[in-house]
Amino acid sequence: MRATQLPLFTQKEDPKDAQVVSHKLLTRAGYIKKQASGFYVFLPFGWMVHRKIEEIVRKNMNKYGAVEVHLPILTPAELWEESGRWNAMGAEMMRLKDRHAAGFALGPTHEESITWLAKQYLQSYKQLPVNYYQIGVKYRDEIRPRYGLIRCREFVMKDAYSFHIDEKSLDETYQKMRECYRDIFNECSLETLSVEADSGAMGGSGSEEFMVASAIGEETLLLCSDDKNCGYRSNQEKTPFVPAENYPVEKNEKTPKRKDTPNVKTVDEVADFFKVDKKQFIKTVIYENSESIILVFIPGDREISEVKLKNILGVAELEMASPEAIEKVTSAAVGFAGPFDLPVKENEEIIINKNKKKIIFLYDEKLKGRGNLISGGNKTDMHYINLQEGRDFIISKEFIDLVTAQDLDLCPKCKKNKLKGTRGIEVGHVFKLGKKYTEALNVTVLDKLGKELIPTMGCYGIGVGRTLSTIVEQSYDDKGIIWPESVTPFKYYLIGIFNNDTDKKEIEALYEKMIANNMSVYFDDRDERPGIKFNDADLTGFTLQIVAGKNYIKNKVIEIKNRKSGEKTEISESDFLSKEKS
RNA sequence: CGGGAUGUAGCGCAGCGGUAGCGCACCUGUUUUGGGAACAGGGGGUCGCUGGUUCAAAUCCAGUCAUCCCGACCA
């Protein structure tokens, strides 16, 4: 391809709305262009890279036995209603109506769709296992799109869904997909970390994310500092909390006492007021959903993990309780709740805004057996001191972990070494879905004995655009992008240096020979000064640059520059053409 | 959804009551040509949109839309 056919869209200045390197460089080098918040045009080079990544994904998926299909992007509401996700997906799902007022959603994911398909065709155990995948557009109305392609509202995802007769079969495919993903990211020259993850709103068990370590990552990962022997890695959402120092178990004789604490609300203020460690405080956080009001009690020095909380409750949606609800449940203003002397009892039903809601208490296990605790007084501007677990409040459910683990906590696997925190961008996810969707949509197959059974599912996703931009995040310099050969738009950027038509014709002949040789080459045949071409070649970042100038005209010698190493080699045209012949 | 900021030429910005500008990019010509050329000439904007104030609005006021940042769970 020639520059005069496929023009460059490079620019010198960073777009003002870009924050991260990949967004800036991909825009400056003319790969992508934002059309609206979270929506991007892929320009010719950008689409070439995108297609190459898709091909790598497709090749490997096929290699590992998956089969490609295409599902409609616009999905009917009934499917979502059957799975219960029409409501559960919330505002993230983009919805619309057709002319008959029938509801549709622009698919944010396709579990329902594929399960529907499975129901149409799967009847016998002989057809299983099967792994369907597609590479298609997804829509998610993100609260805040950002970082260019890393978090946008329309994006291409490879999503695969497997169906199995039993756990064993599911695990086999799951392990294959993990290998497949490793192959895919290796082929893209993308360094990834795989971490244990939560399976989130999708439900299910067994879940691993493929992460690219990056300061701009939106996920926090916790890794065991002994990577060699232990090697534990997980998403912070999922990491069990093992404190480096145990919380003191003690008994106090003194009885609870209410103290005046005007304007002392936050844990820090309370700890300061009573001159005690934050660990001695019971933090009370009150949540609410359509059925219940949930009072959560955890040690004052830590944060609640909403993911763990949702999993324990088995719900997808949870909100902080409204001030009205809090006042009703604690008879105090927001900020003074505690487990002792509450006006409500566990499992009691109360009416809030005409809705009946059940009261649920959840205590973190780290409060078990502890004394000399302080909590809110369930009265505005008051706190209780001298609280004792087992006497003033009782933890009946054992081993509930509600705390977010963090940097420097103990590794939950080896329980010897400390965890180390790092940020990551999720580019792939594999997980065991279970029977949630096959049950909801009533999918059954007959087993060997002619008995009906519900297949279990696995689910495997890769964000293509996100993979593309994380490659750039990992591979650039102050001049521009540096593409690995596997995804570069063209392998060679041919810089023609000429100042008359005769010389230009010579270089054109070189280009024609390369094309005849089946080489992937982009010929910068513009009538521009050399400096412009060198800079555009660096910015666009094709793997190898070929300079054909005076030395070529005179001696038929070309110069090859490796974009990554900067290394230059000179080689005669004939050697080059014969050596590089594909 | 709450707080903040910004909308002026393709891109990046200045102007902030009285003729709409600069740099880059673009077009023409001449000289140049191995790391973003010089000179000369030229094209391009209902100043986000709507309404108001004023003799006069890019500029002041109100509303609205869009974009970006921070937060939206740690009481």
Side-chain angles (χ1 to χ4, degrees), chain A residues 7-20 23-24 27-28 30 33-39 90-91 143-148 237 261 263-270 278 281-288 294-310 317-323 326-327 329-330 332-338 364 375-378 380-381 383 402-404 406 479-480 495-500 503-504 507 524 526-539 545-553 558-559 561 566 568:
Chain A
L8 292 149
F9 299 111
T10 53
Q11 62 187 59
K12 280 188 190 172
E13 307 211 45
D14 287 334
K16 74 169 169 180
D17 53 9
Q19 311 300 315
V20 300
H23 188 192
K24 286 178 185 172
T27 304
R28 277 185 49 210
K33 176 74 185 164
K34 187 175 78 183
Q35 187 166 64
S37 176
F39 292 89
I143 290 178
R144 214 176 116 198
R146 66 186 123 174
Y147 300 153
E237 292 182 337
T261 52
N263 288 321
V264 178
K265 279 187 174 183
T266 65
V267 173
D268 283 326
E269 285 164 1
V270 174
K278 285 195 276 184
F281 188 75
I282 303 170
K283 188 190 270 189
T284 307
V285 186
I286 303 170
Y287 289 89
E288 184 173 8
I294 302 111
L295 290 88
V296 183
F297 307 100
I298 64 161
D301 62 328
R302 304 301 298 225
E303 312 295 347
I304 281 188
S305 161
E306 228 173 66
V307 168
K308 290 178 182 177
L309 184 59
K310 283 178 182 170
E317 294 287 310
L318 211 53
E319 274 174 34
M320 298 303 287
S322 63
I326 291 176
E327 275 173 42
V329 174
T330 66
V334 172
F336 298 96
D364 183 79
S375 83
N378 295 320
T380 305
D381 289 339
H383 278 83
L402 294 165
V403 168
T404 306
Q406 61 190 37
K479 290 287 208 170
I495 301 169
I497 298 172
F498 48 84
N499 48 33
N500 59 59
D503 291 356
K504 185 177 179 181
I507 297 163
D524 194 344
R526 289 176 298 174
D527 195 8
E528 288 285 0
R529 298 170 64 83
I532 289 185
K533 297 185 185 181
F534 285 123
N535 281 302
D536 276 342
D538 287 342
L539 179 59
Q545 296 170 7
I546 293 183
V547 187
K550 275 190 197 123
N551 206 7
Y552 176 73
I553 306 293
I558 61 175
E559 182 184 298
K561 183 180 147 193
K568 293 177 187 171

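Chain letters run A, B, ... following the sequence lines, proteins first, then strands; residues in each count from 1.
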Quick one: the dot-bracket string of RNA chain B, using Watson-Crick and G-U wobble pairs with both distances under 3.5 Å, [ ] for crossing pairs and | for bases paired to another strand. ((((((((.[[[[.)..(..]]]].((((((.....)))))).....[[[[[..)....]]]]])))))))....
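- The P atoms of G4(B) and U64(B) are separated by 15 Å, rounded to the nearest whole Å.
- Here, A72(B) and C11(B) have their C1' atoms 34 Å apart, quoted to the whole Å.
- Residue E559(A) has its side chain nearest to G34(B) when only A75(B), U67(B), G34(B) are considered.
- When distances are taken from the side chain of K283(A) to each of A75(B), U33(B), C26(B), the shortest belongs to A75(B).
- Interface residues of residues 546-553 of chain A facing RNA chain B, ordered by number: V547(A), G549(A), K550(A), N551(A); criterion, heavy-atom separation under 4.0 Å.
- Counting any heavy atom pair closer than 4.0 Å across all strands shown, D538(A) reaches a base atom.
- Nearest nucleotide to the R28(A) side chain, out of U67(B), G36(B), G35(B): G36(B).
- Looking at the side chain of E306(A), the nearest of the listed nucleotides A75(B), C73(B), G34(B) is C73(B).
- Distance from the side chain of K12(A) is smallest for A25(B) among the nucleotides A37(B), A25(B), C74(B).
- Among the nucleotides C1(B), A37(B), G23(B), the one closest to the side chain of I143(A) is C1(B).
- At the phosphate of C68(B), OP1 or OP2 sits under 4.0 Å from a side-chain N or O atom of S37(A).
- Straight-line distance between the P atoms of U53(B) and C61(B): roughly 15 Å, to the nearest whole Å.
- Within the 4.0 angstrom heavy-atom criterion, no nucleotide atom of any strand lies near F336(A).
- Using a 4.0 Å heavy-atom criterion, one finds that K278(A) contacts no nucleic acid atom at all.
- Closest to the side chain of I326(A), from the set G34(B), A75(B), C74(B), is A75(B).
- Picking from A72(B), G35(B), A75(B) the nucleotide with the shortest atom distance to the side chain of V267(A) gives A75(B).
- The phosphate of G36(B) has neither OP1 nor OP2 within less than 4.0 Å of any side-chain N or O from R529(A).
- Candidate nucleotides G36(B), U32(B), G35(B) were compared by shortest atom distance to the side chain of D536(A), and G36(B) ranks first.
- Counting non-hydrogen atoms under 4.0 angstrom, I495(A) reaches nothing in the nucleic acid.
- The same atom, P, is picked in G10(B) and in G48(B); the two are 13 Å apart, to the nearest Å.
- Toward the 5' end of RNA chain B, the nearer of the two residues T284(A) and P530(A), judged by each one's closest nucleotide, is P530(A).
- When the side-chain nitrogen and oxygen atoms of K16(A) are compared with OP1 and OP2 of C68(B), none of them lie within a distance under 4.0 Å.
- Counting only distance, with no hydrogens or angles, the side chain of R302(A) and the backbone of T404(A) share a donor-acceptor pair below 3.5 Å.
- Looking at heavy-atom distances under 4.0 Å, D17(A) makes contact with sugar-phosphate atoms alone, never a base.
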